There are 4 protein chains.
Amino acid sequence: MIDSSPTNTNTTDTNTECFPSPVYAAHVLTDLFEDAKRLFLDYMIEVDCAHAVMLAEQNIINKDDARTLLDALHKLDRKAIRAARYDGSCEDLFFYLESLMNAACGEEIAGKLHTARSRNDTDVTIYRMRLRRDTLAVMRATLDLRKTLLTIAARHHETLIPAYTHTQPAQPTTLAHYLLAMAEVLGRDVKRLQRAYEALNFSPLGACAITSTGFPISRTRTAELLGFTAPTVNTYASIAATDYFTELLGTVSTLVINTGKFAQDFLVWATREFDYLRLSDGFVQSSSIMPQKRNPVALEHVRALASKALGQSQAVLTVVHNTPFGDINDVEDDLQPLIANALRDASRAVTIFAAALSGASFNTERLRERAAGDFITVTELADTITRRESVPFRTAHSIIARCVTQSIELNSPLTYELLQTNAQAILNRPFALTRDEMRESLDPEYFVRVRTTHGSPAPEETRRALTVESEHARTDETWYAARIESLADYVRRLSSI
Amino acid sequence: MIDSSPTNTNTTDTNTECFPSPVYAAHVLTDLFEDAKRLFLDYMIEVDCAHAVMLAEQNIINKDDARTLLDALHKLDRKAIRAARYDGSCEDLFFYLESLMNAACGEEIAGKLHTARSRNDTDVTIYRMRLRRDTLAVMRATLDLRKTLLTIAARHHETLIPAYTHTQPAQPTTLAHYLLAMAEVLGRDVKRLQRAYEALNFSPLGACAITSTGFPISRTRTAELLGFTAPTVNTYASIAATDYFTELLGTVSTLVINTGKFAQDFLVWATREFDYLRLSDGFVQSSSIMPQKRNPVALEHVRALASKALGQSQAVLTVVHNTPFGDINDVEDDLQPLIANALRDASRAVTIFAAALSGASFNTERLRERAAGDFITVTELADTITRRESVPFRTAHSIIARCVTQSIELNSPLTYELLQTNAQAILNRPFALTRDEMRESLDPEYFVRVRTTHGSPAPEETRRALTVESEHARTDETWYAARIESLADYVRRLSSI
Amino acid sequence: MIDSSPTNTNTTDTNTECFPSPVYAAHVLTDLFEDAKRLFLDYMIEVDCAHAVMLAEQNIINKDDARTLLDALHKLDRKAIRAARYDGSCEDLFFYLESLMNAACGEEIAGKLHTARSRNDTDVTIYRMRLRRDTLAVMRATLDLRKTLLTIAARHHETLIPAYTHTQPAQPTTLAHYLLAMAEVLGRDVKRLQRAYEALNFSPLGACAITSTGFPISRTRTAELLGFTAPTVNTYASIAATDYFTELLGTVSTLVINTGKFAQDFLVWATREFDYLRLSDGFVQSSSIMPQKRNPVALEHVRALASKALGQSQAVLTVVHNTPFGDINDVEDDLQPLIANALRDASRAVTIFAAALSGASFNTERLRERAAGDFITVTELADTITRRESVPFRTAHSIIARCVTQSIELNSPLTYELLQTNAQAILNRPFALTRDEMRESLDPEYFVRVRTTHGSPAPEETRRALTVESEHARTDETWYAARIESLADYVRRLSSI
Amino acid sequence: MIDSSPTNTNTTDTNTECFPSPVYAAHVLTDLFEDAKRLFLDYMIEVDCAHAVMLAEQNIINKDDARTLLDALHKLDRKAIRAARYDGSCEDLFFYLESLMNAACGEEIAGKLHTARSRNDTDVTIYRMRLRRDTLAVMRATLDLRKTLLTIAARHHETLIPAYTHTQPAQPTTLAHYLLAMAEVLGRDVKRLQRAYEALNFSPLGACAITSTGFPISRTRTAELLGFTAPTVNTYASIAATDYFTELLGTVSTLVINTGKFAQDFLVWATREFDYLRLSDGFVQSSSIMPQKRNPVALEHVRALASKALGQSQAVLTVVHNTPFGDINDVEDDLQPLIANALRDASRAVTIFAAALSGASFNTERLRERAAGDFITVTELADTITRRESVPFRTAHSIIARCVTQSIELNSPLTYELLQTNAQAILNRPFALTRDEMRESLDPEYFVRVRTTHGSPAPEETRRALTVESEHARTDETWYAARIESLADYVRRLSSI
């Protein structure tokens, strides 16, 4: 009835009679063993400890057995485990730890550790524990980058720079205004990261294979022992849901897109032709023969690593996409290293960026010069005329446009005479505006100074905004410190039980 | 000095001397005009109205002019505008509306509408206004899908189904437990959508080109008039930031991945071989000659449209990626139709899914039969033995494993005699467990009934969970209704000013 | 036995008793009808014609019936069909055409058209027919862009430009060399597009539902009538395979990534600060008040549309990913508009790029000046010293590096005296090199002239390379013209049968 | 003038005064060193050897120095190098090797190795050398998978299976026909991989930094020494072009999408409910307590790894996207490990798939039973009636449809009596068709047997197709063996020079 087809005759090593096939061991299990040691060993042991404590407290196992288990768990030689090579004798790290526990306390007691739980809930629990750390690392880097931006901004409320639209100089603003724009965006990234963290910080432990157990376990207690806010709810969802990491990766995608955009700007600023930004020597790779060539490689790496983080985050979604809602390998051990790489590259990109910027210099003279060039202040002159001369907005605009065109032809700045000539030509009267008033209207400092509305570049307004952002920064540091402490705290408590 | 190279001799229509080049008009401006009419016309006019009202209130223009502008705006023939074909006479819809306003109230007054604002802030404002509606459409569909799941779940707290791990039947659970898992995940999607909505519901109007203006505008007032929570802050960020839509698309990505996973399950359930689910006729395309062939095409479309929504959401990130932080076309008119398509396909996928499920039938007999088959309740028997017979967990497991193996060989259910034989063989004593107790332990209803911990399938627990979810559903409907009313309200007020 | 759950009580329009449900009609069938009219109508009718001709030739239907069918097909009013709105009376365009044919020749004869074929093979055939045209449109744009690059290159074999590494000026080269690099890459894109075209130009018609038919059809004949190279082979694969478009989209992805890279360069070249490139007025959007502000929007649209093409190409793969290998909706009507959008945006990006470049001007003075600045020719001086003075390569390098450092400190060009001073200091002897020889070694023209190896910038070598590329261009134009003619030819022949 | 801003006071380790900054070393250089050792060490040394040989042959360095260099290169202790930890003393592996060479032959001679070349061309050369190996690994796996499919197909020309459309059984076909469909698709993957290989197998060495060199190097000779087909052409493109890997990854994307589709099918086939496919024990992870639960994890890993390969391939394009056309880090050392991971996961997925299938069993009884069920042969009966009874096609269809509907109501197979009753009712006459003829028409074997056209499932046709595919397989093995030998050959020759 069953047609067996042992066909692939040229694959000599496929003795497929018992598990694992050599091909399966070589191409799947070995990788998974290495990944698990690198990413999850500590968390596996912590889950074992917490589970043992809870089982004893709930009288599912007795206190002595729990003690034996905990002592053995505390004594596991993690360094030796990390050095172990996969040899196929155990399916994976989970069973390897079980074999070590069997050796340490005998199979009968060691076996009790598996009462009322499963690979499935253990796995999802350790994934979340790892993600907490990785998320906080991204958070740390993001907080640092914002702090760097704010620190620089604090010194440049009056530093004029040209703002670009469509890559062309468009209007003057200040360096503080520009950096505060970035800081504000990063502030929202911080909020998104916080929410993603809070969303994943629930414990699926106790969901067991997928329907929990008939044993009177306390999911609340293991959640508490492992530093989680609370247990997750529905046990099927605890195993099957993937939004605890897809939300996080969506958040990280936005963060690295933002970071990449900032890096694109600063890379242009660091060209010889713009000459606005100079990285410190620690972040520049130069040519031995061309010491003048300061390759801003740190910023290139920021862009590249941010791009990798984005690409890998999207790759994770691709892997999850169109798979069943349930316990499947696709969202488990094969996928976790990719998630870890995405988060690590995000941390790296943001960390390098913060460090490179913190030591960078801005060429404020050149920036100011460009903020005053290319007639980019003329919109303010048109506004002034609209306000003071009772001239319709579009008329004021067309007079100024004529002035600019003629000035370019004459290769001259915009003169008072030209302005009045054109006023006369179009309105049949000169403007009441004085020469000094015109000069003021064309001054980039004035341009910035009059822009005092909510969120504008006037120094008084950027100072106000900086105060607000700094307050956010303090609040977010408090949030961060509390999470770091919470994680340190559960480890401390668990290792001393 | 300048080397001009009019080279491409075979492109006969490239008279590039004045703007727009025919190629540019044909391949860029025509598309953008059609897109803008379809996606943004109403919002453009609303922004004009709100801006006019604010300008008058702030005494930047006089009341009479504002009245003239508002009357003209209210009288714009939107149907005729939508029917207009792009002819190159205006750069785009923005300027086309300006030309209509010029015709309606004269250039002088019409021109005043452009005081203290810019294309840039107008554009970002209308994008957000459009996104609000699109986001609420996705929300409506998501709320409907959750409601459908909860309504079905309410009737199936006792309906046994097999839960699968690795695509194999693993343990019994109930249909309510399974659907509540999905509903819980969707509840988090609802929360994420709410946050994305709140994050984008700020008004960038007044940021003007990128540095705001020296006119004493009230950004708070236009925000209020257009139904926004408040103005955005930093004006540079108002124009340059893209996280208002990348956060949303990240959120939608998670939603459609979840939806796709549910659809994958139900597609398998709808196969002849599983035979668990039957769509109603309205959602099935059948073959004229094979009336028995009920193609569950509605579910295929759910999967396909969810996939498109995911792919297009990722595509949006790809477009934004590695562009400068500032005003650029990449994140503006070219991109908006892609964002709109992503959101529309997400709405379609979720809407069709809710409708298809709401009329579907579950083959509860077949589900129950499969929940009792394949020995999938034996873990509970092992647990029972562990608890009642003081047998270590792993020992209980190995006795049961022997029983299962032997039963399969005998092509028989697991019998009491077999259990006792193996107990004797391994423990050298029979179990105290009675025949009835064994039968109960293997009963899928018992399996489910004893699983009463937090989030488990026991009917009392799914009833509790359903109550919680239903309460969330009510709260979320309130949130939704308030947002819908807020949008209706500002339109009403604005059109009557 | 079957539990029917008509649950979603708030969706008032879900009378799900007969097909199609209003929700399904509104969210699926209406879209598909509009898409099919826009994308596939002509091809559907052509397939009908070819099938009718073949059926008659194979004596599967009689000649008179075939004549009746063909006459009716030729008389179908395509304009009226395109104007039709979906009303739910037919499932889709395929059945709408059938109803029109029934009306035209009676159901009995009209019905014969469906002998020995199916929706499935018809669909895949028309998809491929559409893709042929779309692929040739991308090809046309690519050929134009290459031609534009070659035409400009032909005039600039001696035009010096700085070549950048890590965004810093690194060495002189010529504009021809730089543009030939792009042309060479595009030449490979042309080859890839040709192969993708040849790979998809096979006819799946006759595969019927998935296993072909027992009727003695001639798949070769319909392939010929529709301008295909030949029929596909395996009929299951004919319906299930998706590589005919995934290969194409992979190819397009590479093309638009290349295009986007070129556009990134030219966008930087078009900044005021670099000032290397000036677009013609037809491709520049300027500010009314700042006529000097020449926004290179055409290049921004190139980048944005190339990005969209990439994103949408990847989205197509996402939709196909993890679906069954067989006939499914996911790779059919829902997906085709996304494929069409990806290809259309690719064509647009490349077309606009070619047109914008063909009228652009290069600031050759500024380029030359930058090619001589920043000491970027010193590597050649080091090479010269290595060759002529029998000095080890690294020693020559370190002498020159000292010269550069000292020159920068002195804010001076590198002088002969400085060179000799350092030679003396390090080698304890002066160089035999004369002042003129040094000057020559530092001359960017010399730098370029001595680089004569395969693929180098020396004008004699770029002239040779241009000849080769131009020959490729001619060959590729011939290929293109033959394919265009082949498609015109089958349409001509088919419409006159 | 320059405003230096050493701001980030909380990063204590950012002494940014000299290169590399500790942050840069920790987050960039350490990773790159480890990656380079793992991925590129052998190729770096081979490039050094080839370059030294060519320099001597071209009299750019003398024979003795070349001998010294080659001897030192041959003696480098690769194992010790691989064990080295990054300590910041050298920038990267390239300079670490230089320091080892300096120690081995003195700086003066060691320095000569760097004559007429650069980091840039060396890097792109080693990337391509690595890609050759990785591409051939993917090829090997693909050839194996096709061979496995062909081997199984060869035994199943008459094994009936149901073919599915829209996940419902639609028509009978044979296992051979189905597997040949997959084999044919894989055959095109093989062709695409071959072309991608040939496209990347050109040597960029000699392009130097980006404009080649004035030294009389022979790019042809180094190309030959390193086993390349020839040198690339344009030196700027040699450094800047990325299509050598984007084409490859596009090709791999198509391959893994195909593989994933096959895996989706077989995963469904391996469910208990379908019960068509049984993996051998070596590829199944089972539950200790539920030995009957055969989790087809190998197929899940195939899907997951194929998905990862797809996601990572797309991620590579994301990283390259919107970067300048030139020498930049984004497409270099940061990116290469991601490319390597994508290719490795592709190899793993396809390798495991081939191995798992080669030991799998098909449940031919169950397949045949399903091929005869669900009335899926009735289309052939309708065709038969059309042919033999001179009944229009659509009429035949509607008679059969009535028969099917009535049979389902009666819960009976389709009987001869029912057929004649309906013939009488609709045509007013019985069919001439005999009872035996009807039975034959409904026989799935007959269904398959009459489908003899090009690519159809009739055994004679699948035998023919298998012969063709097997011939392709042989040709492709020859291609593969030649490439493997070519790579082995250059290594052999180079190491003995």
Side-chain angles (χ1 to χ4, degrees), chain A residues 108 111-112 114-115 163-166 170-171 173 177-178 180-181 184-185 188 209-212 214 217 219 231 233-237 240-241 243 246-247 250 253-254 257-258 260-262 264-265 310 314 317 320-322 324-328 380 383 392-394 450-451 453-457, chain B residues 108 111-112 114-115 163-166 170-171 173 177-178 180-181 184-185 188 209-212 214 217 219 231 233-237 240-241 243 246-247 250 253-254 257 260-262 264-265 310 314 317 320-328 380 383 392-394 450-451 453-457:
Chain A
E108 184 162 324
K112 294 187 178 181
H114 301 289
T115 313
Y164 289 76
T165 63
H166 303 292
Q171 292 186 332
T173 188
H177 188 240
Y178 174 64
L180 279 165
E184 187 184 301
V185 171
R188 291 194 293 267
I210 199 152
T211 60
S212 192
I217 58 172
R219 295 186 58 201
V233 186
N234 188 289
T235 62
Y236 197 105
D243 60 323
T246 58
E247 175 180 344
S253 294
T254 285
I257 284 175
N258 293 336
K261 278 172 134 341
F262 307 157
Q264 286 284 83
D265 273 23
L310 171 62
Q314 295 194 324
L317 303 199
V320 178
H321 169 249
N322 276 352
F325 181 67
D327 170 51
I328 46 168
E380 187 53 34
D383 285 358
F393 183 75
R394 282 293 191 209
V450 298
R451 278 160 166 72
T453 51
H454 186 63
S456 293
Chain B
E108 184 162 325
K112 294 188 178 180
H114 300 290
T115 314
Y164 289 77
T165 62
H166 302 293
Q171 292 185 332
T173 188
H177 189 240
Y178 174 62
L180 279 165
E184 187 184 301
V185 171
R188 292 194 292 268
I210 200 151
T211 60
S212 193
I217 58 171
R219 296 185 58 200
V233 186
N234 187 288
T235 61
Y236 197 106
D243 60 323
T246 58
E247 175 180 345
S253 294
T254 285
I257 284 174
K261 278 172 132 345
F262 307 157
Q264 286 284 83
D265 272 24
L310 172 62
Q314 295 195 325
L317 303 199
V320 179
H321 167 250
N322 275 353
T323 56
F325 181 66
D327 169 51
I328 46 167
E380 188 53 34
D383 284 357
F393 183 77
R394 285 290 192 210
V450 297
R451 279 160 166 72
T453 52
H454 186 62
S456 292

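Just so it is clear: chains get the letters A, B, ... in the order the sequence lines come, proteins before strands, and each one is counted from 1. Since we're looking at a predicted model, the values are computed, not measured.
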When the 4.5 angstrom heavy-atom criterion is applied to A170(A) and chain B, the contacting part is neither
- Message: Within the structure provided, determine whether I328(B) and K261(A) are in side-chain contact (heavy-atom separation under 4.5 Å).
- Response: yes
Ranking G260(B), G250(B), G326(B), P324(B) by heavy-atom pairs under 4.5 Å to chain A gives rank one to P324(B)
Whatever's closer than 4.5 Å to a heavy atom in chain B on E184(A) counts as side chain
Smallest heavy-atom separation, H177(B) atom then T211(A) atom, equals CE1-CA, 4.4 Å
Closest heavy-atom pair, R451(A) versus S212(B), reported as atoms and distance to 0.1 Å, is NE-O, 3.3 Å
The side-chain contact (heavy atoms from CB on, under 4.5 Å) partner of I257(A) among L317(B), D243(B), N322(B) is L317(B)
In terms of heavy-atom contacts, G111(A) and R394(B) come closest through CA-CG, 3.5 Å
Closest heavy-atom pair, A241(B) versus R188(A), reported as atoms and distance to 0.1 Å, is CB-NH2, 3.7 Å
Most contact-rich option vs chain A, by heavy-atom pairs under 4.5 angstrom, among Q314(B), K112(B), E108(B), Q171(B), is Q314(B)
Without swapping roles, check the side chain of R219(A) against the backbone of H454(B) for a donor-acceptor pair under 3.5 Å.
yes
So, the part of S456(A) with a heavy atom under 4.5 Å from chain B: the answer is both
Taking every heavy atom of A237(B) against every heavy atom of A181(A), the minimum-distance pair comes out as N-CB, 3.5 Å
Taking every heavy atom of L310(A) against every heavy atom of H321(B), the minimum-distance pair comes out as CD2-CD2, 3.5 Å
Applying a strict 4.5 Å limit to non-hydrogen atoms, the region of T254(A) in contact with chain B is both
Interface check, chain A: of V450(B), D265(B), T246(B), most non-hydrogen pairs under 4.5 Å belong to D265(B)
Practice task
Indicate the ring-plane relationship of Y178(A) and Y236(B), choosing parallel, tilted or perpendicular according to the 30° and 60° boundaries.
Solution key: perpendicular
Assert top hit (heavy-atom pairs under 4.5 Å, partner chain A, pool I217(B), T165(B), T173(B), V185(B)) equals T165(B)
When rounded to the nearest 0.5 Å, the distance separating CD1 of I210(A) from OH of Y164(B) is 12.0 Å
